[in-house]
S.K.: 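Quick one: the structure is below, and I'll ask about it shortly.
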Amino acid sequence: MLQNVSILQQTGVAVLAVATVVWAVGLVRVMRRDQADVDAWRESQALRALPAQTGPPRAETAELTADERAAFAGLVRQFGDGRS
């Protein structure tokens with residue numbers, strides 16, 4: 001124990017330290033509980049009446065010719081080289 005510090009001051013520091021630890025543990029528990037509630041809410045809010053979309057709609061697809069595919073592949077290679 002420190003000689004220049006009274007018992008009351010040492011007790012006060014200990015009480016504040018314990019209160020800080022209790023507050024931190026409580027905050028972590030509340031945050032974890034709230035996160036679980038948010039995840040459960042998001043899952044329950046999904047639109048179950050609509051079927052899952054497996055690909056692009058038929059009206060938005062277009063068949064490419066061989067030349068168009070080659071040009072697109074060239075563009076992809078060109079853009080890919082700039083990111084490296």
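Everything numeric here is computed off the predicted structure, so don't read it as measured data. All residue numbers refer to positions in the sequence shown, counting from 1.
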S.K.: To the nearest 0.5 Å, what is the distance between CZ (R29) and CG (L27)?
M.R.: 12.0 Å
S.K.: Anything under 3.5 Å between a donor and an acceptor, one on a side chain of residues 11-22, the other on a protein residue two or more places apart or in another chain? List them.
M.R.:
| from | atom 1 | to | atom 2 | distance (Å) |
| --- | --- | --- | --- | --- |
| T11 | OG1 | I7 | O | 2.8 |
| T20 | OG1 | L16 | O | 2.8 |

S.K.: What pairs with L8 under side-chain contact (heavy atoms from CB on, under 4.5 Å), at least two apart in sequence or on another chain?
M.R.: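 L8: side-chain contact (heavy atoms from CB on, under 4.5 Å) contacts with S6.
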S.K.: Identify the two heavy atoms, one from T65 and one from E68, that lie closest to each other, and give their separation to 0.1 Å.
M.R.: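 It is N-OE1, 2.9 Å.
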